[in-house]
Amino acid sequence: MQNIQQICQTLYDKFGPQGWWPLIRNSSVVHNARFTNKKLTSKEQFEITIGAILTQNTAWTNVEKALLVLHKNKALTKATMQKMPKEKLASLIRPAGYYNQKARKLKGLLNSKKAVTRENLLNIWGIGPETADSILCYVYNQPVFVVDAYTKRIFSKLGFAELEYEQLQGLVHKNLTPENYKEFHALLVKLGKEYCKKNKPKCSVCPINKPCAHPIRYNHT
DNA sequence: CGCCAGGGCCTCA
DNA sequence: TGAGGCCATGGC
């Protein structure tokens, strides 16, 4: 089995820097390689935090729509969003789906007065491990690898045993250095979206198909 | 049309 | 503690 470092390197060689986390620039949401190690402004930090909740089980294109609605309505600030009625907030983030739940989640996060630690984030209603880690990693530059549905699917197909969130995260922590956590996660999303898809995986042209331990589990096309 | 998308909570056994 | 239901829009 190819090791995690090699997978990360192979994906980087193939796809290049992914420019995470995507940010609003000139009224559109863009990826830029400079973002990954950028010193973020507080406005950008806020934007990523909101996006981390909006993207729960949701196509990123829909999240972009919601973020741009908030942006156009000058609602992408903590003060504005806090004073806005939950129903109004829900209507603005409608394109992201689950808008009632997400409005509640955003309110809960914004009203939290506790320090931003993993434990405190997890105690907020609607913040689970992935959302907490996304905030810690991409907003606060903490050495935390984000495990998402793509990560689980890809690792499963590569032949790694089915692991719980923290176990899979620990495996990556053990095999990569922290400065690669952001990029590796972004690269896995790229691979998951374009190659290791749930429906019609493109195994024949997959950059890491060869070392895949269970290629039989793919529908080869 | 059905399936899926950068989850997380609740219920019930 | 694990499976299953629920939340919802928009792209393909």
Side-chain angles (χ1 to χ4, degrees), chain A residues 8 11 15 17-24 28-32 35-36 47-70 86-110 112 118-139 142 144-157 161-169 172 181-202 218-219 221:
Chain A
C8 183
L11 292 176
F15 297 132
Q18 295 301 298
W20 273 49
W21 188 283
L23 294 167
I24 295 176
S28 68
V29 184
V30 303
H31 294 67
N32 186 308
F35 292 168
T36 306
E47 184 185 321
I48 294 172
T49 303
I50 301 308
I53 287 187
L54 293 182
T55 198
Q56 290 177 355
N57 197 40
T58 299
W60 179 252
T61 50
N62 286 0
V63 178
E64 289 187 350
K65 294 179 196 306
L67 285 173
L68 291 174
V69 169
L70 290 170
K86 187 166 59 180
E87 294 71 22
K88 171 67 175 174
L89 178 56
S91 73
L92 291 180
I93 63 173
R94 181 184 165 91
Y98 308 121
Y99 46 85
N100 290 315
Q101 280 198 358
K102 285 175 179 174
R104 178 182 168 195
K105 293 175 183 183
L106 290 171
K107 284 288 186 181
L109 175 61
L110 268 37
S112 170
R118 193 171 200 272
E119 185 183 357
N120 287 342
L121 286 171
L122 291 177
N123 280 326
I124 299 171
W125 187 87
I127 310 279
E130 184 187 335
T131 307
D133 288 341
S134 292
I135 292 169
L136 292 172
C137 175
Y138 289 102
V139 177
Q142 303 270 314
V144 175
F145 173 75
V146 178
V147 175
D148 63 6
Y150 291 127
T151 312
K152 291 172 186 166
R153 181 161 79 232
I154 293 166
F155 272 62
S156 167
K157 293 208 176 195
E162 302 284 343
L163 298 174
E164 300 298 307
Y165 185 100
E166 275 81 8
Q167 293 176 304
L168 186 43
Q169 182 181 54
V172 172
Y181 292 167
K182 291 178 188 168
E183 198 66 62
F184 187 44
H185 170 65
L187 287 164
L188 288 172
V189 173
K190 175 84 168 177
L191 181 72
K193 279 180 177 171
E194 298 189 358
Y195 294 83
C196 200
K197 298 188 283 189
K198 183 177 276 188
N199 247 1
K200 299 171 182 170
K202 297 156 80 172
Y218 288 87
N219 297 313
T221 54

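This structure is a prediction, so every number in the text was calculated from the model and none was measured. Chain naming here is simple, since letters A, B, ... match the order of the sequence lines and numbering starts at 1 in each.
Checking A:Asp148 against A:Ile124, the closest nucleotide of DNA chain B that is more toward the 5' end is the one next to A:Asp148. Across the interface with DNA chain C, nearest-nucleotide mapping of A:Thr58 and A:Lys65 shows A:Thr58 to be the residue nearer the 5′ end.
The backbone N or O of A:Tyr98 lies less than 3.5 Å from no partner atom in the side chain of A:Gln56, so there is not a single donor-acceptor pair. A:Glu183 places a side-chain N or O within 3.5 Å of a backbone atom of A:Gln18 that can act as its donor or acceptor partner. The backbone N or O of A:Arg104 lies less than 3.5 Å from no partner atom in the side chain of A:Lys86, so there is not a single donor-acceptor pair.
Contact between the side-chain N/O atoms of A:Trp60 and the OP1/OP2 oxygens of C:dG10 is not found at any separation under 4.0 Å. At the phosphate of B:dA5, OP1 or OP2 sits under 4.0 Å from a side-chain N or O atom of A:Lys198. Proximity of A:Thr131 to the phosphate of B:dG8: a side-chain N or O atom is located under 4.0 Å from OP1 or OP2.
Taking atom CG of residue A:Asn57 and atom P of nucleotide C:dG10, one finds them 16 Å apart after rounding to whole Å. The nearest whole Å value for the distance from the NZ atom in A:Lys200 to the P atom in B:dA5 is 14 Å. Rounded to whole angstrom, the span from the CD atom of A:Glu64 across to the C1' atom of B:dA5 amounts to 13 Å. Rounded to whole Å, the distance from CD on A:Glu130 to C1' on B:dA5 is 12 Å. In this entry the distance linking NZ of A:Lys105 with C1' of C:dC7 reads 8 Å, nearest Å. Per the geometry, CG belonging to A:Asn199 stands 14 Å off P belonging to C:dC12, to the nearest Å. For the pair A:Arg104 CZ and C:dC7 C1', the computed distance is 12 Å after rounding to whole Å. Regarding A:Asn62, its CG atom lies at a distance of 13 Å from the P atom of B:dG7, rounded to whole Å.
Annotation for A:Val144 and A:Gln169: closest pair CG1-NE2, 3.3 Å, computed over non-hydrogen atoms. When all heavy atoms of A:Lys157 and A:Pro201 are compared, the closest pair comes out as NZ-CG, 4.4 Å.
Ranking B:dG8, C:dG11, B:dA5 by closeness to the A:Pro129 side chain, first place goes to B:dG8.
A:Thr131 and A:Lys105 are not linked by any side-chain donor-acceptor pair at a separation below 3.5 angstrom, with hydrogens and angles left out of the test.
Relative ring orientation between A:Tyr138 and A:Trp20 is described as tilted, the plane-to-plane angle lying within the 30° to 60° band. Using cut-offs of 30° and 60° on the angle between ring planes, the pair A:Trp21 and A:Trp60 is perpendicular.
Separating the P atom of B:dG8 from that of C:dG10 is a span of 22 Å, rounded to the nearest Å.
A:Ile127 comes within contact range of the sugar-phosphate backbone alone, with a heavy-atom separation under 4.0 Å but no base atom that close. Within the 4.0 angstrom heavy-atom criterion, only backbone atoms of the sugar-phosphate kind lie near A:Arg153; the bases stay farther away. Counting non-hydrogen atoms under 4.0 angstrom, A:Lys197 reaches nothing in the nucleic acid.
For DNA chain C, runs of at least 3 consecutive pairs of the Watson-Crick or G-U wobble type, with both hydrogen-bonding distances under 3.5 angstrom, map to B:2-5 with C:9-12, B:7-13 with C:1-7.
A heavy-atom distance below 4.0 Å to DNA chain C is reached by these residues of residues 93-102 of chain A, ordered by number: A:Arg94, A:Pro95, A:Gly97, A:Tyr98, A:Tyr99, A:Asn100, A:Gln101.
The CG atom of A:Leu188 lies 6.0 Å from the CG atom of A:Leu11; values are rounded to the nearest 0.5 Å.
Atom CD of A:Glu166 has more than 12 neighbouring heavy atoms from other residues, nucleotides or ligands inside a 6.0 Å radius.
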